[in-house]
Amino acid sequence: MNYDFSYRFPIHGACEVTMTSVLGHLTGIDFPPPFQWGKCVPGRLFDADIVEKVLKQDVYDNIANEAAKAQLLMIWTDCDREGEYIGYEIYTAARKGNHSLEIAAIWRSKFSHLERNHVIAAANNPIGLDMKSVEAVACRQEVDFRVGTSFTRLLTDGLRQHKIIEQKEVASYGTCQFPTLGFIVDRYRRVKSFIPEQFWYLAVEVKHEGVAASFSWVTGHLFDRLYVLILYQQCLEHDQGTITKLDLKRTTNWRPLPLTTVELQKDCSRLFKMSAKNSLAAAEKLYNKGFLSYPRTETDSFPASMDFSGTLQKQAQDSRWGLYASGLVQNGFQTPRNGKYDDKAHPAIHPVNYVDISSLSSPDERKVYEYVVRRFLACCSKDAVGQQTTATLKWGDQFFTASGLVVLEKNYLDIYTYKKWETTKQLPNLTEGQTISISSGRMKDGKTSPPKHMTEPELIALMDANGIGTDATIADHIEKVLSRGYIMKQKQASVEYIIPSDLGMGLIEGLDAMGFDNISLSKPFMRKQLEELLQEIVVGTKTKPEVLGDIKHIYRQAYAVTSRNMAALARSCTDIMART
DNA sequence: GCAAGGTC
C-alpha cells in the first residue's frame with residue numbers, strides 16, 4: 001500500500017511524499033547452483049560465491065517503481081542494527097528503479113516510537129544511513145549462513161551414512177541452535193551427575209506469651225557433623241537465650257519494570273504454561289488488531305512523552321480492572337520506573353487500545369492481554385510497603401534469626417495478581433536484651449538436593465543473558481531444536497521440563513570430545529565473540545573482511561576436525577542410545 | 001532439505 005501526501009521538510013521545503021512499507025528483510029543470501037546441497041563438498045561453502053536473492057518480490061518491485069519518480073529517499077525502519085540493514089536493502093531496491101539515487105540522497109529518520117511530536121521531530125531532523133552497522137549485519141549474515149549450511153550438510157550426510165538419523169531427517173547446526181541445546185545438555189548432566197551431600201544444622205524454637213517462633217541458624221548448615229555436634233553441646237549448656245537485636249524495618253516491594261518480550265515470555269511460561277512461541281504469537285495477534293504496542297522489544301522503559309493518563313483511561317471501562325485504572329487517573333499515578341535496557345527502536349510493551357477480553361476467542365490472547373494490562377497498571381502504581389521485624393537470638397555462642405512481615409500497603413499488588421507478597425506469621429512481642437527460655441533446640445540434618453531440569457523460562461533467561469538469539473528469535477530457536485528432535489519437553493507434576501534426546505546428547509558430547517583448538521561448537525562463547533566483533537565493526541575499530549577472515553578461519557579448522565572425526569561423533573550418539 | 005534475522 002502506498003500513501004501520497006504533502007509535507008514541508010525544513011531541509012527541502014514542500015515535498016510531494018509517497019510513503020510505503022516493508023515487512024522485515026527484503027533480501028537474503030544464497031549460494032549459486034554449483035554450491036547447492038550435493039553439488040559440492042560442504043567444506044567449500046566457507047569460500048563459495050554468495051548471491052543475493054529477493055525474498056519479497058512484490059514489495060521490492062513496488063519500491064523500485066515508486067523510486068523511479070523520486071528525487072529523495074527517506075528510510076523509516078527500526079533504529080537498530082538490523083533496521084539499518086533493511087534500510088540499505090530498501091536503498092538497493094530503490095536504486096534498481098532509479099540509478100540517480102546516490103547514497104548521499106538518502107535520509108534516515110531516527111525514531112523509537114510513534115508519538116506525534118517525536119515522529120515530526122524525526123522527519124525534520126534526518127541523518128544518513130550508518131554504513132558501519134550495515135556492514136556488521138552483512139557480516140553476521142554471512143557467518144551464520146556459511147557456518148550453518150556447511151556444518152548442517154556435514155552432520156546430516158555423516159549421520160545418515162552411519163544410520164544415526166533417517167534418510168529424510170536433517171541434523172542441522174546453527175550458531176544459536178547449538179548453544180541453546182548446549183544449555184539443556186549442560187543442565188541435564190549436572191542433574192544426572194549430582195551426588196547429594198549430608199549436612200547438619202541447628203534449629204531453635206522459643207515461646208513468649210504463648211506465641212511461638214522458629215529461629216534459623218545464621219551459619220546456615222555445615223558438612224562436618226562432629227563440628228556441629230560440638231557447637232550444639234556448647235549451646236546445650238544454656239537453657240536460656242538472649243534477644244540481642246530487634247530490627248524493625250520498613251521494606252518496599254517494588255512494582256515491576258515496563259515489559260520486554262523476554263519478560264513476557266518468561267512470565268507466560270511460568271504463569272500460564274504457554275510456550276515462548278505461543279505467547280509471542282498471541283501478543284503479535286493482539287498487536288495486529290491494534291490492542292497492544294509492538295511486542296518485540298528489549299526496552300524496559302517508556303518514552304518521557306508517553307500519554308500515561310490517556311492509556312490508563314482507556315482501561316477504565318473494564319469490569320475487572322476498570323475501577324483500579326480510573327482510580328489511578330483520578331488520584332494520581334506513578335510514572336513507571338525506567339529499566340536499563342533500550343533497543344532504541346521500540347518502547348516497552350503496553351496496551352494501546354481497550355478490548356473486552358471476553359470478546360477474544362483465543363484463550364492465549366485473553367491471558368496475554370490481561371497480563372499486559374495488569375502489568376502496565378502495576379507499572380503506574382505505587383510500590384507495596386511492608387514492615388519487617390527481624391529478631392536475633394543468641395544461644396550459647398551461636399546466633400539465630402527469625403523474621404515476620406506485615407504488609408501495610410498492597411498498592412500495585414492489588415492489581416498485579418500474579419505476584420504474592422503476604423503477611424507472615426507474626427513474631428512474639430520480644431524486646432531487645434530480653435532473656436528467653438529455649439523451648440526446643442535441636443541439631444538436625446539434611447541433604448543437598450540436585451538441581452532441577454531446565455524449564456523454558458530458565459532457558460529463555462540463559463539465552464538472553466548470553467546473547468543467543470534476539471527478542472524476536474529466542475522462541476524460534478527453542479522450537480527449532482525441538483523440531484530437530486534434539487530436545488524433548490517432559491511434564492513432571494504440572495511443571496514442564498526440557499531435557500535432551502539421545503541424539504541431542506550424543507551430538508553435544510561428541511562435539512565436546514573432539515578437542516577443537518580455540519572454539520566450542522556447543523557453548524555460547526563464539527556467538528558472544530561474534531557479537532563483540534560486530535560491535536567493533538559498528539564503532540569502526542575493525543572491518544567486515546577482517547572479522548569474516550578471522551571467524552571463518554576458526555570455524556574452518558573446527559570443520560576439518562569434525563569432518564575427520566565423523567565416525568567418532570556417530571559412535572558418541574550410539575553410545576548414548578545404548579546407555580539409556 | 002541447510003542459518004539467523006527481520007516480519008505476517
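Naming convention: chains lettered A, B, ... in sequence-line order (proteins, then strands); numbering from 1 in each chain.
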Taking the basic N atoms (NZ, or NE/NH1/NH2) and the acidic carboxylate oxygens, is any pair closer than 4.0 Å for [X] and [Y]?
| X | Y | result |
| --- | --- | --- |
| E66(A) | K69(A) | yes |
| E169(A) | R484(A) | no |
| E532(A) | R527(A) | no |

Would you classify [X] as touching base, sugar-phosphate or nothing, given that sugar-phosphate means primed atoms plus P, OP1 and OP2, and contacts are heavy atoms under 4.0 Å?
| X | value |
| --- | --- |
| K285(A) | nothing |
| G28(A) | nothing |
| F151(A) | nothing |
| L55(A) | base |
| T470(A) | sugar-phosphate |
| Q141(A) | base |
| G24(A) | base |
| T149(A) | base |
| Y287(A) | sugar-phosphate |
| F178(A) | nothing |
| R140(A) | base |
| I29(A) | base |
| R81(A) | nothing |

Nearest-0.5 Å distance, SG of residue C176(A) to CD1 of residue I468(A): 5.5 Å

Is the distance between the ring centroids of F178(A) and Y486(A) less than 6.0 Å? yes

Centroid separation under 6.0 Å, is that true for the rings of H118(A) and H113(A)? yes

With a 4.0 Å cut-off (strictly under) to non-hydrogen atoms of chain A, the first and last hit nts on DNA chain B, 5' to 3', are dG1(B) to dC8(B)

Give the C-alpha distance, both sets of side-chain angles, the deciding distance and a yes or no for side chain to side chain donor-acceptor pair (under 3.5 Å) between T92(A) and E89(A). CA-CA 5 Å; T92(A) 324; E89(A) 292 176 20; over 6 Å; no

Residue whose nearest DNA chain B nucleotide is more 5′ - R153(A) or V22(A): R153(A)

5'-most by nearest nucleotide on DNA chain B - F145(A) or N288(A): F145(A)

